[in-house]
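Fair warning: this is a prediction, and the values are worked out from it, not measured in the lab.
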Amino acid sequence: MKARVTVTLKTGVLDPQGKAIEGALGSLGIEGVASVRQGKVFDIELDAGDEASAKAALERACERLLANTVIENYRVELV
């Protein structure tokens, strides 16, 4: 089974890397970019009997390793 986990900073958490990307886009002449927020994407293949157990395993992985849940949100999608 394949899954995609997307991790992003929570609203209100400062994103210096996103700000740097925003500035770089402007210096490259790319106009109209109001703001940039960066994140992480994990494409994961796993052996699971059903979607519910796969999603539960991925949620545990996010809570324990993939996301810092104090400052980050995550979304699990089975594809």
Discussion item. Running the 4.5 Å side-chain criterion over Ile, Leu, Val, Met, Phe, Trp and Tyr, what cluster does Leu78 land in, apart from itself?
Written reply: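 Besides Leu78, the hydrophobic cluster comprises Met1, Val5, Val7, Phe42, Ile44, Leu46, Leu58, Leu65, Leu66, Tyr74, Val76, listed by chain and residue number.
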
Worksheet item: How does the hydrophobic cluster around Val41 look, that is, which other residues are in it when side-chain heavy atoms under 4.5 Å mark a link?
Response: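 Besides Val41, the cluster holds no residue at all.
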
Can you tell me if [X] has over 12 outside heavy atoms packed within less than 6.0 Å of its [atom1]?
X     : atom1 : result
Leu28 : CG    : yes
Asp50 : CG    : yes
Lys2  : NZ    : no

Worksheet item: Do the charged groups of Arg60 and Glu63 touch, with an N to O distance under 4.0 Å?
Response: no

Worksheet item: So, the side chain of Lys40 versus the backbone of Ala67: is there a donor-acceptor pair under 3.5 Å, distance only?
Response: no

Practice prompt. Examine distances only and state if a side-chain atom of Arg75 and a backbone atom of Thr8 form a donor-acceptor pair shorter than 3.5 Å.
Written response: no

Item to complete: List for me each residue that meets side chain to side chain donor-acceptor pair (under 3.5 Å) alongside Arg4, sequence neighbours excluded, and say none if there are none.
Response: Asp43

Item to complete: Would you kindly confirm whether Ile71 and Leu14 end up in one hydrophobic cluster when ILVMFWY residues are joined by side chain heavy atoms under 4.5 Å apart?
Response: no

First locate atom [atom1] of [X], then atom [atom2] of [Y], and finally report the distance between them rounded to the nearest 0.5 Å.
X     : Y     : atom1 : atom2 : answer
Leu9  : Gln38 : CG    : CD    : 5.5 Å
Arg37 : Gln17 : CZ    : CD    : 11.5 Å
Arg64 : Glu59 : CZ    : CD    : 12.5 Å

